[in-house]
Amino acid sequence: MMWRKAVVNLLVAVAIALSLWLIYRSVSRYSADEIARSLGVIPFQHLAMAIVFTALNYACLTGFDALGLIYAGKPLPYRRVALTSFVSLSIGHNVGLSALSSGAIRYRFYSRWGLGTEDVAKVVLFSGLTVALGLLTLCGVSMLVSSDSAAKITGLSRGWVVTVGLSILLILMIFVTLCWQLRRPLNVWHWTFKLPTARLAIAQILLGTLNFSFIAAGLHELILAYQDVSYWDVSTVYAIANGAAVASHVPGGLGVLEATTQFLLPQAATIGAVIAFRAVYFFMPLPLGLLLFGISERFFRTHPLKTKPTAATTARAQAS
């Protein structure tokens with residue numbers, strides 16, 4: 001429908017405009033000298049490894065979409081999935097409300113390759129579930145491995161932290177068991193949905209955990225420039241802080257990095273670590289994502305795809 005396409009185009013335009021404004025707002029808080037000094041303090045090998053871990057993180061995110069398309073029954077060639085995932089998430093991470101902003105861009109790409117609104121919604125929801133499963137897993141494991149740091153940031157006793165960590169892992173085991181045993185659609189209020197297969201659920205947990213592990217590893221490399229901190233301390237604090245951010249849908253992880261670095265570093269080093277991480281994880285991918293989006297828009301405009309008619313359009317044509 002024309003109105004649906006117009007709404008999607010409007011959402012995409014708003015998402016891009018908002019991302020550019022957020023870049024300006026975020027960068028304008030720091031002077032060019034501050035940014036240069038913050039990056040200059042970090043040894044090259046740590047900065048290079050942070051970039052590598054960021055690239056691995058975005059590679060994991062393409063797997064979210066690939067698994068989501070399998071769940072929706074609409075698998076696509078990986079090159080298309082990778083392009084859509086990177087463009088939508090490099091923009092969505094900076095805008096916030098990722099399900100809406102990146103979802104609109106996903107729909108713009110996937111609809112060209114035969115996916116409908118319901119299919120794209122399944123991919124977005126599946127990816128969101130993968131994020132939640134990965135965050136829960138890293139949080140549960142980190143609470144067990146680095147229980148002292150978890151106790152300090154949560155205010156709980158070490159015994160309660162271990163209990164919470166074990167409970168999280170138990171919930172994940174129950175989820176996989178339900179995916180294995182319950183194969184019929186579930187009805188919740190007015191919603192009907194089907195759980196993924198146990199194999200897909202396990203893949204979600206593994207890929208989602210890798211995703212957040214790479215983010216924590218990149219942050220760890222940058223923090224090491226200022227203070228010797230263990231990886232598990234960084235992953236524990238980041239997972240707990242990020243859980244609160246995901247629940248509130250704050251744009252660009254606002255507050256997560258500040259909470260993490262302030263807990264782990266002296267106040268003087270906090271700004272430098274935050275600037276460096278934002279530059280590597282948020283600001284570097286975004287211009288590339290916007291460039292690829294512009295190139296793809298021009299390509300599809302000059303090379304429109306000839307999609308096969310669906311059963312619905314065939315029936316309408318016969319009726320007329």
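FYI, side chains are in, hydrogens and waters are out, and symmetry mates aren't considered; it's all heavy atoms of this structure.
Below 30°, between 30° and 60°, or above 60°: for H220 and Y231 the angle between ring planes is above 60°, a perpendicular geometry. Classified by interplanar angle (parallel below 30°, tilted 30° to 60°, perpendicular above 60°), the ring pair F282/F277 is perpendicular.
Here the options are V123, V124, T130, the test is side-chain contact (heavy atoms from CB on, under 4.5 Å), and the partner is F126; only T130 passes. The side-chain contact (heavy atoms from CB on, under 4.5 Å) with Y110 is formed by just one residue from the set T117, I105, D65; it is D65.
Tracing side-chain contacts under 4.5 Å through hydrophobic residues (I, L, V, M, F, W, Y), one reaches L156 starting from I168; they form part of the same cluster. Hydrophobic cluster membership differs between F44 and L219, with clusters built from Ile, Leu, Val, Met, Phe, Trp and Tyr side chains linked at under 4.5 angstrom. In terms of hydrophobic clustering, with Ile, Leu, Val, Met, Phe, Trp and Tyr side chains grouped at heavy-atom distances under 4.5 Å, I91 and F300 are assigned to a common cluster. Under a hydrophobic clustering in which Ile, Leu, Val, Met, Phe, Trp and Tyr are joined whenever their side-chain heavy atoms come within less than 4.5 Å, directly or via other members, L290 and I295 fall into different clusters. Follow the hydrophobic side-chain contacts under 4.5 Å out from L200 and you reach L182 in the same cluster.
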Run F86 and F293 through ring pair (Phe, Tyr, Trp, His ring centres under 6.0 Å) and show every step you take.
CA-CA 10 Å; F86 179 78; F293 180 77; over 10 Å; no

Would N57 and F212 count as a side-chain contact (heavy atoms from CB on, under 4.5 Å) here? Give the steps.
CA-CA 7 Å; N57 163 244; F212 282 104; over 6 Å; no

Stepwise side chain to side chain donor-acceptor pair (under 3.5 Å) test for R106 and T84
CA-CA 6 Å; R106 278 184 172 115; T84 304; over 6 Å; no

Test side-chain contact (heavy atoms from CB on, under 4.5 Å) applied to V162 and L166, step by step
CA-CA 6 Å; V162 173; L166 291 173; 4.1 Å; yes

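The distance from atom CG of L133 to atom CG of L206, rounded to the nearest 0.5 Å, is 10.5 Å. Atom CG of L129 and atom CG of L195 lie 9.0 Å apart (nearest 0.5 Å). Rounded to the nearest 0.5 Å, atoms CE (M49) and CG (L56) are 8.0 Å apart. If you take NZ on K74 and CG on L115, they are separated by 6.0 Å, rounding to the nearest 0.5 Å. Note that the NE2 atom of H46 and the CD1 atom of I42 stand 9.0 Å from one another [nearest 0.5 Å]. We find the CG-OG distance between L292 and S90 to be 7.5 Å, quoted to the nearest 0.5 Å.
Taking 4.5 Å as the limit, some side-chain heavy atom of F175 sits within range of a side-chain heavy atom of P196. Counting heavy atoms from C-beta outward, E297 and R108 have side chains that approach closer than 4.5 Å. When side chains are defined from C-beta on, I215 does not count as touching F53, because their heavy atoms never get closer than 4.5 Å. Looking at heavy atoms from C-beta onward, E221 lies out of side-chain contact with V280 at the 4.5 angstrom threshold. Taking the side chain as every heavy atom from C-beta outward, N211 and L207 never approach each other to under 4.5 Å.
A distance-only check finds a donor-acceptor pair linking the side chain of T163 to the backbone of G159 [under 3.5 Å]. Remark: side-chain polar atoms of T54 are paired, donor with acceptor, to backbone N or O of A50 under 3.5 angstrom. Although no hydrogens or angles enter the test, the distance criterion places a donor-acceptor pair under 3.5 Å between the side chain of T62 and the main chain of A59.
Shown here for S213 and L138, the closest heavy-atom pair between the two residues is OG-CD1, 3.9 Å. Taking each heavy atom of S296 and F109 in turn, the nearest pair found is OG-CZ, 3.3 Å. In terms of heavy atoms, T236 sits closest to W232 at OG1-O, 2.7 Å. Listed here is the closest heavy atom pair of L210 and C60: CB-SG, 3.9 Å. In terms of heavy atoms, L224 sits closest to D228 at CD2-OD1, 3.8 Å. Taking both residues in full, the closest heavy atoms of M143 and I240 are given as CE-CD1, 4.1 Å, listed atom of the first, atom of the second, then distance.
At most 12 non-hydrogen atoms from other residues, nucleotides or ligands lie less than 6.0 angstrom from CD of E118.
Proximity of the aromatic rings of Y58 and Y281 is defined here by a centroid distance below 6.0 angstrom, and this criterion is met.
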